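Computed from a prediction, not measured in an experiment: that's the story for all the values here. In what follows, every chain begins at residue 1, and chains take the letters A, B, ... in the order their sequences are listed.
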Amino acid sequence: MSDLLANLNPEQLLAVTLPPQHALVLAGAGSGKTRVLTTRIAWLIQTGQVSPQGILAVTFTNKASREMLARLSTMLPAGLGHNARSIWMGTFHGLCNRLLRTHHREAGLPQLFQILDSADQLAAIKRMLKTLNVDDEKFPPRDLQHFINAQKEAGHRPHAVDVWDDYTRRRVELYTEYEAQCQRESVVDFAELLLRSYELLERNEPLRRHYQQRFRHILVDEFQDTNRLQYRWLKLLADEGRDGGAWLFCVGDDDQSIYRFRGAEVGNMRDFEREFKVSNVIRLEQNYRSWGNILDAANAIIRHNTDRLGKSLWTERGSGEPLRVFEAFNDGDEARWVVEEIQSLVRDGMSRADIALLYRSNAQSRVLEHQLFSSGIPYRVYGGLRFFERQEIKHALAYLRLIANPDDDTAFARVVNFPTRGIGARSLEVLQDAARTWQGSLYASVPHLAGKPGTVLGQFVRLIEDMRRDTRELPLPELVDHVLDASGLRAHYKSDKEGQERLENLDELINAAANFVAEMGADGEALAQPHALLADFLAHASLEAGEHQADAGTEAVQLMTVHSAKGLEFDAVFLTGLEEGLFPHENSILERDGLEEERRLMYVAVTRARERLYLSFAQSRMLHGQVRYNLRSRFLEEIPEGLTKWLSVPSARGRGAGFGGYFEPSRSPRVAAAPSPAQPSRDLGGLRVGQQVKHARFGQGVIVAAEGGGADARVQVNFGSAGLKWLLLAVAKLEAC
DNA sequence: AATCCTGAGCTTTTT
DNA sequence: GCTCAGGATT
């Protein structure tokens with residue numbers, strides 16, 4: 001016990017040992033948040049205040065959940081009946097899945113319902129639009145998907161949607177139809193997992209009471225990332241502190257809320273504080289990660305945001321080095337500089353894996369990758385396809401889904417002709433019609449067909465039925481193995497000269513199945529029913545997309561967006577592309593509170609660095625096929641001068657003073673990397689970035705960016721109160737002044 | 001059924 | 001400028 005609490009700082013100790021009450025912990029970056037959460041769970045259990053079964057722990061990613069479980073297992077001595085695994089721990093979606101499987105009847109679902117990931121959902125929507133002959137130009141599938149998810153996250157079934165125009169009325173009809181289709185096919189999308197289980201708990205009082213009494217303590221990680229529905233879900237179980245509900249222990253950081261675009265609602269933190277009458281918010285402000293200068297910069301930046309709960313990071317470590325700033329001539333030049341610095345860091349003994357290259361948007365990785373590649377530096381890019389999202393894996397899963405649930409039309413449509421077996425668009429159209437007439441799934445409608453479609457489709461149905469029969473007794477990994485052969489997927493990729501990697505991935509799927517069974521190990525009962533276990537495995541595949549791209553060697557520099565860097569830390573961080581329009585991103589400037597979210601993103605980026613932070617920007621950069629001239633980011637200006645050291649001489653004082661001179665950095669001999677391209681010659685009619693201009697209607701302004709050339713030449717002008725405008729030089733009469 | 005071609009989109013991402 | 005999806009072409 002004393003072991004458990006040793007080395008906690010006073011605030012951490014306070015949070016860990018807080019008596020039963022609703023609590024909000026504001027945990028700054030690098031303040032030991034996960035440690036507090038896991039230690040609190042261990043403390044609650046070890047002091048006998050609650051049994052593991054009485055704890056519900058919610059995380060945002062499966063990765064976080066696994067890490068927490070692993071740390072907890074080392075904290076709880078086994079054998080005392082304190083099995084960390086009997087804690088209900090997982091993501092909101094994982095927990096909802098568990099709830100819905102257990103009470104599928106009450107929730108109105110078959111036991112073997114399948115889960116659609118976003119891509120599956122989009123495919124389902126496209127299929128629906130096609131069936132209904134809806135013009136997908138008028139109702140773009142992506143928009144509709146977004147609309148439906150937004151409604152579900154607001155807790156609205158179709159009848160509850162506010163209809164304010166004909167367009168929305170039609171969208172609501174499509175929402176209704178989509179729901180019907182999902183129900184028919186026994187599939188559930190991500191938002192549905194949440195809404196269904198929310199409704200289940202809300203409407204079924206005995207069930208709600210049961211869980212309210214079972215869970216004494218609910219602990220929520222990354223609380224600033226919860227959406228409205230998730231918060232309501234928590235409220236249902238906590239019952240706002242009235243008798244019977246659980247105590248909520250929410251940990252989060254409003255300054256690191258960067259997912260508003262996907263529904264996260266920072267306001268939940270304030271609401272929680274108010275609605276649950278949280279009396280003392282605990283702040284974890286001592287940082288164990290970074291040098292003081294880095295924290296000072298982060299604090300200075302985030303101070304520009306209003307509407308914060310308020311927090312300031314500090315450290316017992318010293319100030320460390322100044323932040324290094326580099327102004328590049330263009331994006332390629334920036335990449336060359338990054339590579340040189342990396343080489344120098346590695347020469348000095350830093351591990352490449354401890355170096356991260358961060359950028360605002362994925363498109364920026366290309367130039368960096370190119371430069372790393374030609375310099376022979378191993379690197380690893382995060383993002384892109386994950387294991388269970390790969391084409392070959394999706395195909396294999398589709399066969400498995402058909403075995404578990406033949407009514408899954410999404411899976412049916414995906415593989416009915418893959419590998420190709422002569423089932424073309426015509427046959428499928430005939431089948432679609434039949435399905436509509438008979439009000440059944442595609443699979444179930446096949447027997448109603450005659451002629452050639454009936455024959456080829458009949459063969460496919462028989463194939464699936466044979467698979468189901470032949471795998472009934474097989475352990476999961478062998479089941480998967482069998483399906484890979486029987487479906488013809490293996491043969492197909494074997495004959496494909498570029499199918500080698502895909503074949504390896506298919507084998508990896510067997511491993512994934514084996515690992516899954518091993519994880520489930522303790523649960524003996526599930527093993528008795530291979531096809532029930534299969535459904536669990538499929539849910540696992542949907543809920544956990546798996547690791548990002550395979551690693552390109554272990555000792556590799558890490559490239560990722562700032563978003564994906566959240567929660568990670570590195571000895572050295574390169575924060576590239578610090579330019580207006582890029583970071584903060586131009587789209588965010590128009591959004592309400594968009595700039596504040598960008599600033600939080602900047603805050604997240606800066607606090608990733610332990611030892612050394614590099615900040616860079618380029619005077620010009622290729623974007624959307626055109627050279628763009630950007631100002632350096634306002635966020636750079638928000639860092640106090642004393643904390644930075646310029647490696648290049650600033651092009652001019654202040655921002656927007658034009659394309660100043662380009663200087664070789666005075667330090668380390670810089671290879672005269674490919675003769676720098678000549679200064680851009682742009683016909684801006686004697687105008688340049690930074691110049692004051694006058695416009696007949698908007699008045700005085702300053703040119704902040706320029707793009708295009710000749711007849712297309714455009715400039716962006718900041719007219720102050722009149723706003724930021726893009727103006728075509730050929731049209732707008734701008735007067736230099 | 002495979003391959004070529006055109007055009008739209010282009011910030012961030014987990015579940 | 002690059003990628004991806006879907007349509008048109010062979």
Which nucleotide in the set [options] lies at the smallest distance from any side-chain heavy atom of [X]?
| X | options | value |
| --- | --- | --- |
| A:Arg386 | B:dT15, B:dC10, B:dT12 | B:dT15 |
| A:Phe190 | B:dT13, B:dT15, B:dT11 | B:dT15 |
| A:Met622 | B:dT12, B:dT15, C:dG1 | C:dG1 |
| A:Arg262 | B:dT11, B:dT15, B:dT14 | B:dT14 |
| A:Asn417 | B:dT11, B:dA1, B:dT13 | B:dA1 |
| A:Thr420 | C:dG1, B:dA1, B:dT13 | B:dA1 |
| A:His563 | B:dT11, B:dT13, B:dT15 | B:dT13 |

From [atom1] of [X] over to [atom2] of [N], roughly how many Å is that when rounded to an integer?
| X | N | atom1 | atom2 | answer |
| --- | --- | --- | --- | --- |
| A:Asp143 | B:dG9 | CG | C1' | 13 Å |
| A:Ile258 | B:dT11 | CD1 | P | 17 Å |
| A:Asp496 | B:dA2 | CG | P | 10 Å |
| A:Asp189 | B:dT15 | CG | C1' | 11 Å |
| A:Leu116 | B:dT14 | CG | P | 19 Å |
| A:Phe92 | B:dT15 | CZ | P | 13 Å |
| A:Ile589 | B:dT11 | CD1 | P | 14 Å |
| A:Arg66 | B:dT14 | CZ | P | 13 Å |

With a 4.0 Å cutoff (strictly under), does any side-chain N or O of [X] reach OP1 or OP2 of [N]?
| X | N | value |
| --- | --- | --- |
| A:Ser564 | B:dT13 | yes |
| A:Asn62 | B:dT15 | yes |
| A:Asn97 | B:dT15 | no |
| A:Thr561 | B:dT13 | yes |

Could you pick out which residue, A:Glu598 or A:Ile423, lies toward the 5' side of DNA chain B when each is mapped onto its nearest nucleotide?
A:Ile423
Please compare A:Glu544 and A:His624 by the position of their nearest nucleotide in DNA chain B and report the one closer to 5'.
A:His624
Please classify the nucleic acid contact of [X] as base, sugar-phosphate, or nothing, using heavy-atom distances under 4.0 Å.
| X | result |
| --- | --- |
| A:Phe261 | base |
| A:Glu591 | base |
| A:Asn362 | sugar-phosphate |

Validation: residues 134-146 of chain A side-chain donor-acceptor distances under 3.5 Å, sequence neighbours left out:
residue  : atom : partner  : partner atom : Å
A:Asp135 : OD1  : A:Glu137 : N            : 2.9
A:Gln145 : NE2  : A:Ser118 : O            : 3.0
A:Gln145 : NE2  : A:Gln121 : OE1          : 2.9

Can we say [X] and [Y] salt-bridge, meaning some charged N sits less than 4.0 Å from an Asp/Glu carboxylate O?
| X | Y | answer |
| --- | --- | --- |
| A:Glu508 | A:Arg390 | no |
| A:Arg228 | A:Glu153 | no |
| A:Lys33 | A:Asp253 | no |
| A:Arg386 | A:Asp117 | no |

Between [N] and [M], how far is it from one [atom1] atom to the other, in whole Å?
| N | M | atom1 | result |
| --- | --- | --- | --- |
| B:dT14 | C:dT3 | C1' | 23 Å |
| B:dT11 | C:dG6 | C1' | 24 Å |
| C:dA5 | B:dT12 | C1' | 22 Å |

Confirm from the modelled atom types if A:Thr61 and B:dT15 form a donor-acceptor pair under 3.5 Å, side chain to base only.
no
What is the per-nucleotide protein-contact pattern of nucleotides 2-10 of chain C, from the 5' end, where B denotes a base atom under 4.0 Å from a protein heavy atom, S denotes such proximity for sugar-phosphate atoms only, and - denotes neither?
S---S----
Can a donor-acceptor pair be found between the side chains of A:Thr226 and A:Asn268 at a distance below 3.5 Å?
yes
Under the side-chain hydrogen bond (donor to acceptor under 3.5 Å, both in side chains) rule, what do A:Arg101 and A:Asn97 come out as? Steps first, then yes or no, please.
CA-CA 6 Å; A:Arg101 298 262 170 214; A:Asn97 175 50; 3.1 Å; yes
More than 12 heavy atoms from other groups under 6.0 Å of CD on A:Glu501
no
Do A:Arg599 and A:Tyr603 meet the cation-pi criteria used here (NZ or CZ under 6.0 Å from the six-membered ring centre, within 45° of the axis)?
no
